[in-house]
Amino acid sequence: MDKLIIAGGARLEGELRISGAKNSALLMLPASLLANEPVTISNVPHLRDITTMIELLGSLGVEVVIDEKMQIEIHANTIQRFRAPYDLVRTMRASFCVLGPMLAHYGQADVSLPGGCAIGPRPVDLHLKGLEALGARIEMDEGYVKANVDGRLKGAHVFFDVSTVGGTEHIMMTATLAEGRTVMENCAREPEIVDLAECLIKMGAKIEGHGTDTIVIDGVEALGGCEHAVIADRIEAGTYLIAAAATGGHVKLKGANPQHLEVVLSKLDEAGADISTGDDWIELDMHGRRPRAVSVVVGVFPAFPTDLQAQFIAMNSIAEGTATVKETIFENRFMHVHEMNRMGANIRLEGNNTTAIVEGVPRLKGAPVMANDLRASVSLVIAGLVAEGETVVDRIYHIDRGYEQVEEKLASLGANIRRVPSTG
Ligand code: UD1
């Protein structure tokens with residue numbers, strides 16, 4: 001297992017190109033199972049989670065062609081099996097979403113219950129409820145969801161009790177091949193859902209209302225092929241902006257969409273950053289200043305994203321003043337706090353571990369640290385960048401799930417960071 005070794009103290013300065021959005025690409029790959037013709041997805045980030053999803057499609061017998069620029073062509077009609085095995089689904093929650101497309105197109109699917117990041121219980125009850133509303137017969141058998149339908153699924157009214165990104169995406173894509181109209185209410189509105197809907201529309205789906213809380217889908221008999229380029233990764237962009245702000249730096253991110261980061265940019269502005277934006281770039285300049293502490297309440301889009309909560313705590317940990325960071329989406333998403341406290345941060349958890357009170361200290365101290373989820377791991381890298389001395393971040397395979405070439409990108413901005421193979 002590799003580690004990252006960071007010598008703290010450097011300001012991040014320079015230009016960076018933001019990769020394609022992991023969470024968009026991850027759902028477009030299973031969506032391609034709906035089509036009768038090849039689907040080509042470009043601007044796909046080269047990440048472990050994407051490789052896992054490609055492996056999963058491969059295990060179904062689906063032919064996948066990848067070129068050197070990570071343009072991926074999926075020939076879904078080469079499918080031979082309808083069972084997604086435990087070893088592949090357990091490592092990544094998004095892989096559960098092969099279920100609906102296989103069921104809608106081929107009338108059957110057996111998919112293991114998912115795993116994913118260790119951030120509290122992450123059920124799939126709303127996915128299953130939605131699929132059942134569309135007419136799926138579902139049985140649980142030794143950790144597998146076995147689903148089938150005679151003929152086509154049927155359009156239905158689906159209400160989500162909780163705003164769920166994966167649930168919205170899963171039911172939206174499945175309903176594209178159902179007979180009649182599906183109305184989904186209390187949908188999540190994340191940009192990746194909109195991107196997935198645009199891709200499905202290019203395949204011939206009839207979808208309206210994506211990006212609002214009510215999505216209406218008129219099912220079609222068949223979907224064709226398409227070419228689609230994934231949007232930029234707003235979480236990757238936000239991570240580099242927060243890292244730059246924490247180090248007092250100055251970065252320009254190319255390919256980033258400021259409209260997907262409005263709340264984050266306004267919070268960084270409150271922290272003292274000068275921010276300018278264009279259609280597809282964001283520039284942040286801290287002029288070497290220490291950030292001011294800024295409180296945030298995490299929420300569903302367009303509120304502050306849970307996937308940037310840990311990184312924001314890292315910035316607040318060395319900011320001037322005290323801030324409160326409240327998590328409302330996931331339980332148990334504060335494991336980075338204990339590691340940051342070992343680096344000299346002053347953070348306490350309140351409200352049954354839903355709120356972090358961060359009292360900024362002038363500087364953290366380097367230490368060996370690790371985390372067992374993707375965003376927590378990268379937040380420890382940011383902590384390492386603002387720490388005195390050396391920080392060793394272990395178990396960075398989590399970072400490789402979601403950040404393309406993280407050490408190359410940070411080094412290009414002047415960070416003193418290197419990857420070494422772990423001996424332990
Ligand atoms: C997606 C993102 C992840 C992000 C999360 C929240 C992908 C691949 N991953 O995850 O990076 O952190 O959105 O923005 O896009 N829930 C239920 N029942 C369900 C489904 C969800 O109770 O059937 C709950 C979850 O436990 C959680 C909340 O709903 O508390 C939101 O989860 P959800 O939006 O579904 O997250 P993911 O789609 O898994």
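Heads up: numbering here begins at 1 and tracks the sequence. Numbering of ligands and ligand atoms starts at 1, following listing order.
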Among Leu308, Ile235, Val165, closest by heavy atom to atom 33 (P) of ligand 1 is Val165
Shortest reach to atom 4 (C) of ligand 1 by a heavy atom, considering only Val124, Ile329, Leu126, Asp307:
Asp307
Contact partition for Arg93 relative to ligand 1, non-hydrogen atoms under 4.0 Å:
side chain
Just heavy atoms, cut-off under 4.0 Å: does Val162 contact ligand 1 by side chain, backbone, both, or neither?
side chain
Compute the centroid of each ring, for Tyr86 and then for Tyr144, and state whether the two points are separated by less than 6.0 Å.
no
Between [X] and [Y], is any side-chain donor less than 3.5 angstrom from a side-chain acceptor?
X      : Y      : answer
Glu208 : His210 : no
Glu327 : Thr306 : yes
Glu192 : Ser24  : no

Can you check whether [X] has an N/O within less than 3.5 Å of an N/O in ligand 1?
X      : value
Arg375 : no
Asp125 : yes
Glu190 : no
Phe330 : no

Using a 4.0 Å cut-off to any heavy atom of [X], which atoms of ligand 1 qualify?
X      : value
Gly166 : 35 (O), 38 (O)
Asn23  : 2 (C), 3 (C), 7 (C), 8 (C), 9 (N), 11 (O), 15 (O)
Thr306 : 6 (C), 12 (O), 14 (O)

About how many Å separate CD1 of Ile313 and CD of Gln311, when rounded to the nearest 0.5 Å?
9.5 Å
Do any heavy atoms of Glu192 fall under 4.0 Å from ligand 1?
no
If we only consider heavy atoms of Ala188, is any one of them less than 4.0 Å away from an atom in ligand 1?
no
So, does Arg234 use its side chain to make a donor-acceptor pair with the main chain of Pro191 at under 3.5 Å?
no
Would you call Asp400 and Arg419 a salt bridge, taking side-chain N to carboxylate O under 4.0 Å as the test?
yes
Does this structure show an ion pair linking Arg418 with Glu407, if we count only N-O contacts that are shorter than 4.0 Å?
no
Mind listing the side-chain donor-acceptor pairs of residues 34-43 below 3.5 Å, one per line with the distance, residues two or more places apart or on another chain?
| from | atom 1 | to | atom 2 | distance (Å) |
| --- | --- | --- | --- | --- |
| Asn36 | OD1 | His105 | NE2 | 2.9 |
| Glu37 | OE1 | Gly225 | N | 2.8 |
| Asn43 | ND2 | Val230 | O | 2.8 |

